[in-house]
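Bear in mind that the values here come from a model prediction, so they are computed numbers and not experimental data.
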Amino acid sequence: MENLLQLQQGHKAFGSRAIFDQATFAINEGEHVGVIGPNGAGKTTLFRILVGEETLDSGQIVRTKGLRIGYLSQHDTWEPGESIEDFVGRGAHLPVWELKSLGRGLGLSEEHYTKPIESLSGGYRMRAKLLRLVGQEPDLMLLDEPTNYLDLETLLVLEKFLQGYTRSFLLISHDREFLRRTTDHILEIESAEITKFNGTIDDYFEQKEMLRAQLAARAMSLDEKRREILAFVARFGAKATKASQAQSRLKSLDKMETIEIKPLPVTAKIRIPPPARVGKIILKLTGVDMGYPGHKVLNQVDLLLAGGDHLAVVGLNGVGKSTLLKTLASKLRPMGGVIEPGYESTFAFFNQHVAEDLDPTDTVYRALERKAHRGIRPQEILDLAGSLLFSGDDTKKSVRVLSGGEKSRVALGQVLLQKASCLILDEPTNHLDFQTVEALTQALQAFAGSLVVVSHDRSFIRRIGTKIFEIQNGRAATYPGTYDDYVWSLENGAFATLNSNQTTENKKSTPKISTEKGEPEKNNSREERKQIDRRLRQLETLTANLEKSLTGHQARLSALNEELTQNADAVTSAKIKEMGEIQHEIEKTEAQWIKATEEKDGLLK
């Protein structure tokens, strides 16, 4: 396996703070490497050094001859008004027709290429940036947080693309599941050191724990040996017959290795103050239209949010997830229908733009105090600040000197301190490292109030969401399956479309773009057929899951009936209540099954 790049004894510092110190690692041909580390550890700095935008203070980078590196940064690189075709073709080593063929694997159709890239959603912008990068035919791709702000469909497309990518890449991401599915090595940047691990992200955590346990055991053994030597010297050092032995053992102490066990990185344990009040009903929406002046986004939305519901909002980019959350948070006025908040229900709203509204003259502590509920004590503010990695003098830092990730943590803290009945969170995990995401996940799971959450992080949503609310084609409704069911249906729908495109393309020797007048109608008809096929697959999965659920409920009900029939003493109020609840679930599930079956029959006509 050919070596592409080596960093040898690299050192980089900003002022007195070392980012890397004597760092050494190598990247080989065909390796898919996930780059991880706490916020501010130097991941993006490493990428900038590798592409020549930053320089090392000492050390060197050794590259194989003719190495081409492609960099997908977090920043936009297109010109104002530039079309996708012009953007991906700029600097490409591949002809445009071949790029378009590759673009079909990313879900880019012919009509996308004529549009200004600025007019597209974040998901399609990312696809265009990735296609441009591939068109440069790099030997090594550097991908800096490519999953931020992507909808689930684009995330799955990107994931599938990287799984089949035959060249090398380095990938910065805080999405554990995405890393698990796309990488085979992990590059850890922590405490000014860079360490490369073989295997997936799960292997990394296992190896990390094993290595720490082995070092701890070795250090304990050496400490025991040192104590034995010192005890011997203390006992026999003054005796002439033992003096030489004592001196010899003392010298052995100098030669004994020293085991340094690095302290674990500071991790957050977030404690969310309990809500001031959680009623039975938090919010009720009846026939609500949502959108902006002159542009309706969502039609006739019905929703009953009960106290303690944790609602995960899902859907593609641009379908209206943020519009829904802004309307629930009273940031947008409804265009029609009725919104009824529950008695004394309060709401706290977080999105990435909230961080932009922070007062730059505030300290971290003052910014948190400014939004805190009046019942919050100063120590609680300090405790939450500490759980968000602002401890000691960090709470006195001015907001203006904070990084983007630090500002997001302050804005998130402001929301958590409001003791609201319902937290409305739009992408709360962006810019958070693994440890902070895990801490936030655990805290929100235990939160007694209601949640409405949008996030691209599948592990986060899977653990947080107890109900799924899907937005599609201007409509919103509770999804009757689990989050895994939703991901499965979307994955199969997206990939079936892509595979269909690729199969069709493989039958052609060259791409052909029709200019016949009837073509737009054919395209529209084909697109409608795809949407119908996708919905049919979703309904097949849904009805199968509902039938399985019905079988389970009916089996339990039969068992209870049998038990109560044969043993009169077994009759209790608890069992009678359970039978009533099961019967209710059966009726509800049957209604869902009938609705899904009728919709499926209608689509098949």
Side-chain angles (χ1 to χ4, degrees), residues 38-40 265-279 282 307 310 325-326 328-331 341 344-433 435-455 464:
N39 284 339
V266 177
T267 58
K269 183 173 176 58
I270 297 175
R271 301 174 184 85
I272 304 177
R277 186 184 187 282
V278 181
I282 299 298
H310 290 183
L325 265 60
K326 287 177 183 176
L328 297 182
S330 300
K331 302 297 181 183
E344 291 187 349
S345 292
T346 55
F347 303 86
F349 176 58
F350 171 85
N351 69 5
Q352 296 302 314
H353 300 298
V354 174
E356 298 171 7
D357 296 333
L358 295 173
D359 186 338
T361 64
D362 276 346
T363 62
V364 169
Y365 178 85
R366 176 60 185 136
L368 294 172
E369 182 187 48
R370 187 186 294 276
K371 295 286 186 177
H373 185 273
R374 62 180 180 275
I376 295 288
R377 300 187 305 275
Q379 187 57 50
E380 289 180 279
I381 297 175
L382 291 172
D383 289 344
L384 187 73
S387 70
L388 291 172
L389 309 185
F390 296 108
S391 56
D393 290 341
D394 288 341
T395 60
K396 301 174 184 177
K397 279 185 178 178
S398 173
V399 167
R400 65 162 51 91
V401 304
L402 300 180
S403 67
E406 288 172 328
K407 288 179 181 177
S408 288
R409 296 207 304 272
V410 172
L412 183 60
Q414 288 181 326
V415 169
L416 301 182
L417 285 168
Q418 292 179 37
K419 301 190 73 167
S421 313
C422 177
L423 303 180
I424 302 172
L425 308 175
D426 192 352
E427 296 288 3
T429 64
N430 279 355
H431 306 299
L432 300 182
D433 56 30
Q435 291 84 3
T436 311
V437 170
E438 177 61 26
L440 180 62
T441 302
Q442 294 179 14
L444 291 176
Q445 280 181 303
F447 182 63
S450 298
L451 299 173
V452 182
V453 182
V454 169
S455 176
I464 293 296

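- Nearest heavy-atom pair across L325 and L425 is CD2-O, 3.6 Å.
- Looking at L412 and L440, their side chains come closer than 4.5 Å, going by heavy atoms from C-beta outward.
- In this structure E344 satisfies the side-chain contact (heavy atoms from CB on, under 4.5 Å) test together with R277, sequence neighbours excluded.
- Between atom CD1 of residue I424 and atom CZ of residue F350 there is a gap of 13.5 Å, rounded to the nearest 0.5 Å.
- Rounding to the nearest 0.5 angstrom, the gap separating the CG atom in L402 from the OG atom in S408 is 10.5 Å.
- Legend: residues meeting side-chain contact (heavy atoms from CB on, under 4.5 Å) with T441, ordered by chain and number and at least two apart, are V437, Q445, F460, R463, I464.
- Heavy-atom minimum distance, E406 versus F390: O-CZ, 3.5 Å.
- S387 contributes atom OG, which lies 8.0 Å from atom CG of L389 (distance to the nearest 0.5 angstrom).
- Atom SG of C422 and atom CD1 of I282 lie 6.5 Å apart (nearest 0.5 Å).
- Minimum interatomic distance between S345 and S421 (heavy atoms only, all atoms of both residues): CA-OG, 3.6 Å.
- I270 and A443 make their closest contact through O-CB, 3.5 Å (heavy atoms, listed as atom of the first residue, atom of the second, distance).
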Next item on the list: Apply side chain to side chain contact (heavy atoms under 4.5 Å, CB included) to the pair I376 and L384, showing each step before the final yes or no.
Entry: CA-CA 11 Å; I376 295 288; L384 187 73; over 6 Å; no
Tabulate below the donor-acceptor pairs under 3.5 Å that side-chain atoms of residues 363-375 make, not counting sequence neighbours, or state none.
unit_1, atom_1, unit_2, atom_2, d
T363, OG1, R366, N, 3.0
R366, NH1, E369, OE1, 3.2
R370, NE, D362, OD2, 2.9
R370, NH2, D362, OD1, 2.8
R370, NH2, D362, OD2, 3.0
H373, ND1, G375, N, 2.8

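- You'll find the side chain of F349 reaches within 4.5 Å of the side chain of K326, heavy atoms only.
- The minimum heavy-atom distance linking P275 with A420 is given by the pair CB-O, 3.2 Å.
- For E380, the salt bridge (charged side-chain N to carboxylate O under 4.0 Å, His left out) partners at least two apart in sequence or on another chain are R377.
- Taking the side chain as every heavy atom from C-beta outward, Q418 and T346 never approach each other to under 4.5 Å.
- For residues 386-404, every residue pair satisfying the salt bridge (charged side-chain N to carboxylate O under 4.0 Å, His left out) rule, not counting sequence neighbours, is listed here: D393-K396, D394-K397.
- Atoms CD1 and CG, on I272 and L444 in that order, are 4.5 Å from each other to the nearest 0.5 Å.
- Scanning for side chain to side chain donor-acceptor pair (under 3.5 Å) contacts around N351 gives an empty result, with sequence neighbours left out.
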Next item on the list: Report the C-alpha separation of V399 and D359 in whole Å, then their side-chain angles, then the decisive distance to 0.1 Å, and conclude whether the side chain to side chain contact (heavy atoms under 4.5 Å, CB included) test is met.
Entry: CA-CA 7 Å; V399 167; D359 186 338; over 6 Å; no
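- E438 and Q442 share a side-chain donor-acceptor pair at under 3.5 Å.
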